[in-house]
Amino acid sequence: MKKTILGLAIVSAGLLSSCSDFLTEEPALKQSNELTFAEFNNLDMAGAALLGMLQSDAWYDGSYIIQSEMRCGNAKNPTSVPGSGRFLNETQWNFNESYTSSLWGYAYYTIARANNVINNLEGKEGGNVTAQQVNNLKAEALFARALCHFELAITYCQPYNYQADTLGVPIVLVTENAKPARNGKKAVYNQVVKDLTEAETLMSDSYTRSDATDKAAVVSKSAIQALLSRVYLYMEEWQKSADYATKVINSGKYNLAGAADYTKMFSAATAPAGGEIILEVYGSQKNEYWDNSGWQHLSHLTSLDGNPDICATSDLYNLYEDGDVRQALFQQNGNDWFCLKYYGKEGGAPRQTNVPILRLSEMYLNRAEAIINGASISGVTAESDLKALATKRNATPSAATRAGVFTDRRKELAFEGHIAYDYARTNTSLTRTDFDEVKNKDVAFPSYMWAMPIPKREMDANENMKQNPGY
């Protein structure tokens, strides 16, 4: 795991490592900070690489997703294949500072990269560089910083609505050698909102990186608005969550996938234009954070022709009624059901796979939940949103209640990393049925365990860091 806050010179090299061939006069690792940050084109290249770490097997293409699903009853270790025994600790909630989420180092490294872009854009307008180009790049970096702070907060902190203002995570806005203390939880969420709302005002409505292979793998204004809907949902700012979900739904840029297209979008080489994927990780072996063997990435972990260490629980599979198109994303082997969302977009194992981060279906679910909790959108009801989604899935919508929308979120967003955080933010105790282990079959809320421990490396290196209670 990488050190939390990296020195500016080290991060300068890191900025260039995802696009190492765009500078040829000096080796990238010898590039000075002044030269690196002096030109807009250099910063723009760095901006293009900001989301590269999300493909790491410690983040969206691996354990960040799996830990959520294994902890909260969507996934388990299979019995129909040998497996390696990985993720048993996740199933039993057997965490300590030496075994916890690996997100910490990757997220703070990405924050450091984003800060280097944000804090070096002044004066870059001029010549062939327009003010809007500068604003678009700053918006991308603000989004990356906000996403990281948010995911750190939901992983290592108690939910926003639990207790007044417990420990958050360090808010890092400048890349420097430092040993920051933890900020309050509310301050972290407020910074996330501040970054995202500024990004929304800065970014052009039509902006996308013209050279992006996958247009849904780069930041857009819709991605900013969709993430704001999610963040406000976690903050229980119901009207704001519904308003931002509505902005995305009414943008006309996205459509819910019909039954014939639903399964295809998860194996498409790039997100289908006009589909429902707003932002995704573009899976590629060319990404420096692909682990070469691929054995710890999602396609290897979930596919029968990989090294399948996880499969769906009967708790999850039995939620789907016959004819629900989402059933087609599960493959039976003996008594196990394996999830095919990450079967890959190219033949052979391990496969490169795209991983959705934000989808239009979540916006319907966010809005339905917000309306149930008091939000109001003209011409829309929670029932109509749940029905719109269920109709596309050939399913029956759940009742327009808090429990109903929780169930529909579980069915629609399974194996996308939401489930543990949905339990926490709704203050819902976990009860599992398909569970063969001994420890922590059920996990009550509240409990110290809903906040994962700060990694030991950070605790050892930073005397200002406080560990979460209970660890």
Side-chain angles (χ1 to χ4, degrees), residues 14-20 22 40-56 59-61 106-107 109-111 113-118 121 129-130 132-148 150-151 195-196 198-230 247-248 251-254 265-266 268-290 345 352-360 362-363 416:
L15 270 168
L16 304 178
S17 57
S18 292
C19 40
S20 57
F22 82 95
F40 176 82
N41 286 344
N42 292 355
L43 292 170
D44 193 48
M45 283 285 193
L50 278 175
L51 300 184
M53 283 192 179
L54 272 63
Q55 197 194 336
S56 164
W59 209 336
Y60 272 97
D61 201 3
Y106 287 86
Y109 197 90
T110 299
I111 288 170
R113 287 177 160 186
N115 287 339
N116 279 343
V117 174
I118 293 166
L121 283 172
V129 180
T130 67
Q132 189 58 61
Q133 286 177 295
V134 173
N135 286 342
N136 288 337
L137 177 55
K138 185 175 182 180
E140 288 181 289
L142 286 167
F143 176 91
R145 187 168 76 181
L147 178 68
C148 291
F150 175 67
E151 294 188 346
D195 280 351
L196 289 175
E198 182 180 358
E200 183 190 19
T201 64
L202 290 173
M203 183 170 282
S204 168
D205 289 347
S206 60
Y207 175 72
T208 186
R209 285 192 168 268
S210 59
D211 58 348
T213 302
D214 184 354
K215 300 302 183 185
V218 294
V219 183
S220 63
K221 179 164 281 192
S222 292
I224 295 167
Q225 294 168 339
L227 185 56
L228 272 165
S229 176
R230 181 186 294 179
K247 285 185 178 185
V248 179
S251 71
K253 298 176 181 178
Y254 309 97
M265 71 178 170
F266 294 102
T270 60
E276 66 175 77
I277 295 177
I278 303 165
L279 182 68
E280 69 179 1
V281 173
Y282 177 70
S284 172
Q285 287 181 309
K286 295 179 181 179
N287 187 320
E288 64 177 318
Y289 298 103
W290 175 268
K345 55 185 180 179
Q352 301 167 93
T353 187
N354 297 338
V355 184
I357 300 174
L358 294 160
R359 290 200 285 128
L360 185 65
E362 183 194 347
M363 298 301 102
E416 295 179 38

Measure the shortest side-chain to side-chain distance between [X] and [Y] over non-hydrogen atoms and say whether it is less than 4.5 angstrom.
X      : Y      : value
Phe143 : Leu196 : yes
Ile278 : Glu362 : no
Gln225 : Met363 : no
Leu142 : Ile224 : no
Cys148 : Tyr106 : no
Val218 : Leu51  : no
Thr270 : Lys215 : no
Lys345 : Tyr282 : yes

Nearest heavy atoms of [X] and [Y], plus distance in Å:
X      : Y      : result
Val117 : Ala46  : CG2-CB, 4.1 Å
Asn354 : Ala269 : ND2-O, 3.1 Å
Ala141 : Ala114 : O-CB, 3.5 Å
Ala223 : Leu279 : CB-CB, 4.3 Å
Pro356 : Phe266 : CG-CE2, 4.0 Å
Val281 : Ile357 : CG2-CD1, 3.8 Å

Nearest 0.5 Å please: distance from the [atom1] atom of [X] over to the [atom2] atom of [Y].
X      : Y      : atom1 : atom2 : value
Glu280 : Thr353 : CD    : OG1   : 9.0 Å
Arg230 : Leu358 : CZ    : CG    : 4.5 Å
Phe150 : Leu228 : CZ    : CG    : 10.5 Å
Thr110 : Met53  : OG1   : CE    : 5.0 Å
Thr208 : Glu140 : OG1   : CD    : 8.5 Å
Asp195 : Ile111 : CG    : CD1   : 9.5 Å

Task: side-chain contact (heavy atoms from CB on, under 4.5 Å) assessment of Trp290 paired with Asp61 - done: CA-CA 9 Å; Trp290 175 268; Asp61 201 3; 4.2 Å; yes
Open item on the list: Run the side-chain contact (heavy atoms from CB on, under 4.5 Å) test on Lys221 and Tyr207 for me, step by step, so that the C-alpha distance in whole Å, both residues' side-chain angles and the decisive distance to 0.1 Å come before the verdict.
Closed with: CA-CA 7 Å; Lys221 179 164 281 192; Tyr207 175 72; over 6 Å; no
Open item on the list: If the threshold is 4.0 Å, N to carboxylate O, is there a salt bridge linking Lys247 and Glu200?
Closed with: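 A salt bridge links Lys247 with Glu200.
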- [ ] State whether Asp44 and Arg209 are salt-bridged, where the test is any N-O pair (Lys NZ or Arg NE/NH1/NH2 against Asp/Glu carboxylate O) under 4.0 Å.
- [x]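 Yes, Asp44 and Arg209 are salt-bridged.
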TODO: I would like to know whether Leu137 and Phe40 meet side-chain contact (heavy atoms from CB on, under 4.5 Å); could you show each step before the answer?
DONE: CA-CA 10 Å; Leu137 177 55; Phe40 176 82; 3.7 Å; yes
Open item on the list: Strictly distance-based, threshold 3.5 Å: is any side-chain N or O of Gln55 a donor or acceptor partner for the main-chain N or O of Ser284?
Closed with: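 It does hold such a pair.
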Going by side chain to side chain donor-acceptor pair (under 3.5 Å), name the residues that satisfy it together with [X], two or more places apart in sequence or in a different chain.
X      : answer
Gln352 : Glu346
Thr201 : none
Gln132 : Asn136

- [ ] Please lay out, stage by stage, how Leu147 and Leu54 fare under the test side-chain contact (heavy atoms from CB on, under 4.5 Å).
- [x] CA-CA 11 Å; Leu147 178 68; Leu54 272 63; 3.9 Å; yes
